[in-house]
Student: 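Just passing along the structure, written as structure tokens.
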Amino acid sequence: MEIDFQAIDKKWQLYWLEHHSNKVVEEANKPKYYVLDMFPYPSGAGLHVGHPLGYIASDIYARYKRLKGFNVLHPMGYDSFGLPAEQYAIQTGQHPAITTEQNIARYRQQLDRLGFSYDWTRQVKTSSPEYYRWTQWIFKQFFNAYYNTSSDKACPMEELIAAFSTNGNQGVNAFSDYEKMFTAEEWNSWNDVEQEAVLQSYRLAFLSETWVNWCPKLGTVLANDEIISGLSVRGSHPVEQKKMMQWSMRIKAYADRLLAGLDDLDWSDAIKEQQRNWIGKSEGANVFFDVEGHNNLALEIFTTRPDTLFGVTFMVLAPEHPFLEQIVTEEHKEEVKNYQLSVSKRTERDRQADVHHISGVFTGAFVIHPFNKTSIPIWTADYVLSTYGTGAVMSVPCGDQRDYSFAKHFNLPIINVFKGIDIEEEAYGEKVGIIENSSFLDGLEIKEAITFACQKIEEANRGNRKVNFRLRDAVFSRQRYWGEPFPVYYEKGIPKMIADENLPIELPNVDAYLPTASGEPPLARSRKEDWNHFQGDRMEYNTMPGWAGSSWYFLRYLDPENKDSFVGKDKVAYWKNVDLYIGGNEHATGHLLYARFWTKFLYDMGFIPFNEPFKKLINQGMILGRSSFVYRIKGENTFVSLNKKKDYSTDQLHVDVNLVDNDKLNLQEFKNWLPEYADATFILEDDGTYCCGFEVEKMSKSKFNVQTPDALVEKFGADTLRMYEMFLGPLEQSKPWDTKGITGVHGFLKKTTRLFLDTTGSWNTLAEDPTKEMWKVLHKTIRKIQDDLDRYSFNTVVSTLMIAVNELTDLKCNHKQILQPLLVLLSPYAPHTAEELWEKLGLPSGGCALASFPVYDEAMLVEASYEYPISFNGKMRFTQSIDLHLPENEVIELIMGLENTQKHLEGKTPKKVIFVKGKIINIVS
RNA sequence: GCGGAUGUGGUGAAAUUGGUAGACACGCCAGACUUAGGAUCUGGUGCCGAGAGGUAUGCGGGUUCGAGUCCCUCCAUCCGCACCA
């Protein structure tokens, strides 16, 4: 008798559906556990084998926790706004909502075949109006809040406005980039346009001018990703930097809390470190340098090294710095302008990455050193970024390598302020040493000098201590169609919020999904009547970025149907935050940081009772594709096999991996694949086959290396695929996809089913008591699997199960008392097979998932003796079984008495014998 | 460039706290069975060597009785870098 794996997939999936087996509700008397996957973007290519990796792991863990008695919330949904659907819409005119729905349907079908235990009644889609209604609502909360720096939390704008009208901004503790002071009288005398302009500097969601990558030809803003060396990927048009009025979120107000909060999270050190670096806290000072010949014009710079103040030999402004136009002298005007123009064609990343190519121009202007009053030339160069610090630096070539290279390149002076340090070859960046050539800092240790310099700068009123963050406020508007519309309209140019009862503002229909001729976002194509609600002079034409919906989706799963609130208080109080979150580490600094930010904000506003969204995080590694290649002789339609290509000049071309088996190309299928290959000829290996080359790279449609799970599930069943993906290796490691090993896992499942057959091959098990050995195998297995799952070692569990089945097979174990608990151990990995065999044991249908995880008995595992490895000077020579109860001196005596020991000692007397109980004996001679 | 990670047989990997390197699989080799199959079972398989033995966890060094594991230098590969998701 054999199990039909395809049939049991269907049987049990239908059973779970009909019995609503995966639906969960709050149960006050049961501990909760929330297992979440990063929800996917439903792409047109469908689910590839990389997607389910994390989903399988989370499903196994969710099932494990259920067996352990937890009430497990395990939902799934779709991050369904995004560029690919929009691009497709631009090409075809098809509304992105339609393609998105089709893709979701396909995803769902593919997911369902893998037997996941998702509670689909809780599904969310970020692109559905019922969902984005609340994304819009949360945006309004950000707009109507400011960050109170004395209570260190977000507070309602009304409080701030009330303070302004009674005291002005004197004594207001708010996180803001507004620098001037105003009185209550002034505030009250301003009209609403003037007042709003000020309030924008306090709101947590606000409008401001931001730099963007602008492609004039496409009339659109591009991501760095969409640009290669200054040209758009689409169409190769020039791209330039341009300022644009955009919505942003004041995430910088949360920088310190986002940093501090990391300490208590059960995330990998790697990802915490990435977030720390992204936030990039650095302490230093802002210093003002007066510009020569310009009254009241002082250049503000930020430095982390005020101790090197006397090593400054030039200043560098970012090419976008607002001062440039004012200070540049007549004779340098043209040069600076040209430079700015050339820089505007480079993206920020190009500027940072290209350090070998040093560029910059002199402005003709000088600043005066605040202490020694020397003149210092002002340059502009693209290695200084306008987005960090003040967009200007004091250059200290002796202490900073970029400054050093710049000075060498343009032959600028270098002053060494480090005593006894050689800077002939390179700058000295360490913070250890003694300062010299530096007036009042002479003789001080660097760390003391930093403190003392800050003090002097503040005393002289030339600046102040300052904590700077690399983190920038998050730009929140996109000039795209397929995203959440803002709940915003404009009146007299003032942005205003649409009332809650008019939400959601639904995406209006447009005649095309492209920007307008004048470069306005696609929504500007809409007519007034295209909007479900229209107000004021016009609506907001931007849409929200991809990360808006994904910053809070984990909350909506708790209460997906709620019409009155984004999540009910009782629901969020029960389920709380996510206990285990699994997803790719490409989200390390984007999604994960934004979700933390929103969570902290919603906590501040009293909507949710916790301030971190994800307690435990696991980043699954990427599954890489194994691409296959053919080699075409240049200028011909002839393809040379791998081992013969060295004799020809060839081009390497990707070939669809589905045409290749074991690196051998199916020639007929290849000819049918693409019309241009129909007449292809081949130069084959000596054995008459065509051998393809291969490379491991990211799975992608364009590389023809995408592997979908569908065919494998079709062939082997869902359980085999689930186990195989886990068996590939540690979850967190990236690995190439290769199906060669899948037969091993499939064989294991078949071997497992054979334990349930009697000698005649019928489904029949023994009720009698198992032997001691059988019990030992079971309990050893229980313990190992529990240990492994508790440390998320999903791959070793598969091996453990294999070992158990191999051993039970050797023991000819057909005993129900062993097999029943074994099924429970198997069920998180192979739920269909486990339920089927459970039924074969004559137990109630569907009962395996409802069982309790078996408890191992230590007494079953006690060993009387241990096979000690005996090593000599660290090299293992032989093993010896020794009673574990023997005291150390008797063990050593026993060992020394062995003939084998004396042989290896070669007559020498041991200097030392290391005895580690239950581990090893090492004889040092 | 900056930040993060990973390097162990022909392949995926295991070794949880420094204690027998290569578990468990794939592949390969040999064999059994058989109305021949992508089935099942048995044995072997890091490398060199007939063997004793030697050697081996990216390279080089260090700490230790003992290092895949800890420390330092270097090399290679992968991921992220703010409008891809």
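Labels below follow one simple rule: chain letters A, B, ... track the order of the sequence lines, proteins then strands, and each chain is numbered from 1.
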Student: For the C1' atoms, the ones on B/rC65 and on B/rC59, what distance do you get once it is rounded to whole angstrom?
Tutor: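 That atom pair is separated by 27 Å.
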Student: Is A/Lys780 salt-bridged to A/Glu807, going by a charged N under 4.0 Å from an acidic O?
Tutor: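 Answer for the salt bridge query: yes.
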Student: With a 3.5 Å cut-off and just heavy-atom distances, do the side chain of A/Gln733 and the base of B/rC78 make a donor-acceptor pair?
Tutor: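 Under the 3.5 Å cut-off, the side chain and the base do not form any donor-acceptor pair.
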Student: Touch check for A/Lys784, heavy atoms < 4.0 angstrom, all strands: base, sugar-phosphate only, or nothing?
Tutor: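 Answer is base: heavy atoms of A/Lys784 come under 4.0 Å of a base.
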Student: NA contact type, A/Tyr41, heavy-atom cut-off 4.0 Å: base, sugar-phosphate, or nothing?
Tutor: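 Here A/Tyr41 touches the backbone only, sparing every base.
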Student: Under a plain distance cut-off of 3.5 Å, with no hydrogens placed, do A/Thr543 and A/Trp482 share a side-chain donor-acceptor pair?
Tutor: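 There is no such pair (donor and acceptor under 3.5 Å, judged by atom type) between the side chains of A/Trp482 and A/Thr543.
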Student: Whenever both distances are under 3.5 Å in a Watson-Crick or G-U wobble pair, mark it; put RNA chain B into dot-bracket that way, with [ ] for crossing pairs and | when the partner is on another strand.
Tutor: (((((((..(((......[....)))((((((.(..)..))))))(((....)))..(.(((..]....))).))))))))....
Student: Using the salt bridge (Lys or Arg N to Asp or Glu O under 4.0 Å) rule, collect all pairs that involve residues 719-732 of chain A, keeping only residues at least two apart or in two chains.
Tutor: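 Passing the test, one end in residues 719-732 of chain A: A/Asp59-A/Arg722.
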Student: Just checking A/Gly82: base, sugar-phosphate only, or nothing, at a heavy-atom cut-off of under 4.0 Å?
Tutor: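 The answer is sugar-phosphate, as A/Gly82 gets under 4.0 Å only of primed atoms, P, OP1 or OP2.
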Student: Any Lys/Arg nitrogen of A/Asp787 or A/Arg783 sitting under 4.0 Å from an Asp/Glu carboxylate oxygen of the other?
Tutor: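 No, no charged N to carboxylate O under 4.0 Å.
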Student: Taking any heavy-atom pair under 4.0 Å as a contact, classify A/Trp547: base, sugar-phosphate, or nothing.
Tutor: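 Counting heavy atoms under 4.0 Å across all strands, no contact is made by A/Trp547.
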Student: Is any side-chain heavy atom of A/Glu540 less than 4.5 Å from a side-chain heavy atom of A/Leu523?
Tutor: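 With C-beta onward as the side chain, the pair stays apart.
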Student: Classify A/Asp79 by what it touches in the nucleic acid, base, sugar-phosphate, or nothing, heavy-atom distance under 4.0 Å.
Tutor: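 A/Asp79: backbone/sugar contact only, no base atoms under 4.0 Å.
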Student: Please confirm whether the shortest side-chain N or O distance from A/Asn619 to OP1 or OP2 of B/rA5 is below 4.0 Å.
Tutor: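 False: A/Asn619 side-chain N/O out of range (4.0 Å or more) of B/rA5 OP1/OP2.
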Student: Measuring to OP1 and OP2 of B/rC83, would you say a side-chain N or O of A/Asn213 lies under 4.0 angstrom away?
Tutor: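 No, outside the criterion.
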Student: Could you check whether A/Lys911 gets within reach of a base, just the sugar-phosphate, or nothing at all, counting any heavy atom under 4.0 Å?
Tutor: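 Nothing, no nucleic acid heavy atom in range.
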Student: Map A/Thr800 and A/Lys735 onto RNA chain B by nearest heavy atom, then report which one ends up closer to the 5' terminus.
Tutor: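 First, find each residue's nearest nucleotide; the 5'-ward one identifies A/Lys735.
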Student: Please determine whether a side-chain nitrogen or oxygen atom of A/Arg754 lies at a distance below 4.0 Å from atom OP1 or OP2 of B/rC41.
Tutor: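 It does, given that an N or O in the side chain of A/Arg754 lies less than 4.0 Å from OP1 or OP2 of B/rC41.
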Student: How long is the line joining OH of A/Tyr829 and C1' of B/rC24, in whole Å?
Tutor: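 In whole Å, B/rC24 C1' and A/Tyr829 OH are 13 Å from each other.
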